[in-house]
Engineer: 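Here it is, the structure in full.
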Amino acid sequence: MRPTAPNRPQAAPPVLVTSRPLDEYCASFGLTRAELGRLPGPVLDCPGGAAALAAEARALGCEVLAADPGYALGPRRLAALAADGRAVMADAIRREPRRHLPADRRHRPEQYLRSWDRARRLFAADATAHPERYVAAALPRLPFADGTFALTLSSYLLFAYPAVFGPADQLRALRELARVTAPGGEVRVHPLHDERGRPCPHLTELRAALRHHGIASRVLAAPGTGGRPARVLALHPRAPRGTRTEPRREPGNADGPWAAPRTAPWGTATEAPGMYR
């Protein structure tokens, strides 16, 4: 799968197709199963890859729509690419177990990889049975109406592959994710580093640009799946001018309804201190 960034005609480096399970999504984004089940609207998973989120979340009463350019290939082909991604991850775990696994799983990496195998099978079965839940689409243009989703999740893309998404591309993609997210909802993006673990060097400038476009942001610390907490960029879209809405208000938030709250609206993520603010 090779996402095409705007104004980038040359061939882009390949993007790893993964098959992550629901529990890994929860740990990476600071969410819980109970809170997913209580969301007031649908969730967007973009890019969805061969993940099992849409299939597994349905049992919680949570509607998930996945978007990914790879869905044009069909479930069977994308699952095969995810099997290749599993092999890449297995090699990465062997080389750097501390980076990819928590301490209690480092002596049994195959258990973690089997969760990817199960997720890949769930994805293939669900995408075959319910193709309408898997939309072939790529950032920065998504075929969804403004404010469609209560929660939008984007993992292992915008900051993980800086050769594919430069700063301007990241800004366009983040604005698009915010556009399709309802006022009072939230966008969460993870990770905030590239494939070598190097943090995004222009995150402060990117957040300033988002503010210029009326999108508030903050950086959260989530439990993560490796040996350290995950850093998550959370975006809060504003309603268009002239639209009357009742925005989410946080207790003790003296700066108004659009200021970043001190605690996350869902799950186990908390606002990250220091350099991640």
Side-chain angles (χ1 to χ4, degrees), residues 1 15-68 70-71 78-79 82 85-86 89 93 100-102 105 111-127 130 133-135 139 149-160 174 177 180-181 185-193 219-235 264-270 272:
M1 179 173 57
V15 172
L16 195 68
V17 179
T18 60
S19 50
R20 301 174 191 274
L22 172 61
D23 286 342
E24 187 166 346
Y25 270 78
C26 288
S28 296
F29 286 105
L31 300 168
T32 69
R33 287 172 173 254
E35 281 143 348
L36 283 172
R38 290 197 298 266
L39 284 174
V43 174
L44 173 63
D45 183 15
C46 178
L53 179 64
E56 291 190 273
R58 196 173 308 114
L60 308 176
C62 179
E63 178 188 352
V64 177
L65 189 67
D68 194 295
Y71 296 149
L78 199 64
R86 192 257 202 210
M89 177 56 72
I93 288 173
H100 298 286
L101 293 177
R105 289 191 181 184
Q111 183 181 46
Y112 172 70
L113 292 169
R114 281 197 295 272
S115 73
W116 278 33
D117 295 334
R118 177 179 177 273
R120 187 173 67 251
R121 292 192 294 269
L122 286 172
F123 156 76
D126 195 60
H130 304 285
R133 298 183 179 128
Y134 298 86
V135 178
L139 290 166
F149 302 98
L151 175 64
T152 295
L153 305 176
S154 184
S155 61
Y156 294 97
L157 183 67
L158 296 182
F159 297 102
L174 291 170
L177 293 173
V180 301
T181 305
E186 191 169 80
V187 179
R188 291 195 178 187
V189 182
H190 164 79
L192 306 186
H193 56 74
V219 176
L220 308 175
T225 57
R228 57 183 179 178
R231 305 297 175 178
V232 181
L233 179 65
L235 309 182
W266 309 292
T268 55
T270 57

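Keep in mind that the numbers below use all heavy atoms, side chains included, and drop hydrogens, waters and symmetry copies. In this text the structure is predicted, and so the values were computed from the model without any measurement.
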Engineer: Name the orientation class of the two ring planes belonging to H193 and H190 (parallel below 30°, tilted from 30 to 60°, perpendicular beyond 60°).
Structural biologist: perpendicular
Engineer: Give, for atom CD of E186 and atom CG of L151, the distance between the pair rounded to the nearest 0.5 Å.
Structural biologist: 7.0 Å
Engineer: Within a strict 4.5 Å, meaning less than it, do heavy atoms of the L174 and V187 side chains meet?
Structural biologist: no
Engineer: What heavy-atom pair brings A230 and S28 nearest, and what distance separates the two atoms?
Structural biologist: CB-O, 3.7 Å
Engineer: If you compare all heavy atoms of S154 against all heavy atoms of C46, which two are closest, and at what distance to 0.1 Å?
Structural biologist: OG-O, 2.7 Å
Engineer: On a heavy-atom basis, which atom in S19 and which in A119 lie closest, and how many Å separate them?
Structural biologist: O-CB, 3.2 Å
Engineer: Taking the six-membered ring for Trp, are F123 and Y71 parallel (under 30°), tilted (30 to 60°) or perpendicular (over 60°)?
Structural biologist: parallel
Engineer: Which atoms form the tightest heavy-atom contact between V180 and L177, and what is the distance?
Structural biologist: CG2-O, 3.4 Å
Engineer: Would you say the side chain of R133 lies within less than 4.5 Å of the side chain of D126, judging by non-hydrogen atoms?
Structural biologist: yes
Engineer: Cation over ring, R231 on F159, under 6.0 Å and within 45°?
Structural biologist: no
Engineer: Please check if the side chain of D68 supplies one atom and the backbone of G49 the other of a donor-acceptor pair under 3.5 Å.
Structural biologist: yes
Engineer: What do you reckon, is CZ of R118 surrounded by more than 12 foreign heavy atoms closer than 6.0 Å?
Structural biologist: no
Engineer: In Å and rounded to the nearest 0.5 Å, what is the SG to CG distance from C26 to L53?
Structural biologist: 8.0 Å
Engineer: Do you know which two heavy atoms are closest between L122 and A55, and how far apart they sit?
Structural biologist: O-CB, 4.1 Å
Engineer: Between R120 and D117, does any NZ, NE, NH1 or NH2 come within less than 4.0 Å of an OD or OE carboxylate oxygen?
Structural biologist: yes
Engineer: What's the separation between atom CD in E35 and atom CG in L60, rounded to the nearest 0.5 Å?
Structural biologist: 11.5 Å
Engineer: On a heavy-atom basis, which atom in A27 and which in A222 lie closest, and how many Å separate them?
Structural biologist: O-CB, 3.6 Å
Engineer: Taking the side chain as every heavy atom from C-beta outward, state whether Y25 and E56 have any atom pair closer than 4.5 Å.
Structural biologist: no
Engineer: If we only count heavy atoms from C-beta on, is the L235 to T181 side-chain gap below 4.5 Å?
Structural biologist: no
Engineer: Begin with the C-alpha distance, continue with both residues' side-chain angles, and end with the deciding distance and a verdict on side-chain contact (heavy atoms from CB on, under 4.5 Å) for V64 and L36.
Structural biologist: CA-CA 10 Å; V64 177; L36 283 172; over 6 Å; no
Engineer: I want to check something: taking the side chain as every heavy atom from C-beta on, are L158 and L233 in contact at a cut-off of under 4.5 Å?
Structural biologist: no
Engineer: I need the E24 CD to W116 CH2 distance, nearest 0.5 Å.
Structural biologist: 6.0 Å
Engineer: Which residues pass the salt bridge (charged side-chain N to carboxylate O under 4.0 Å, His left out) test with D23, sequence neighbours left out?
Structural biologist: R33
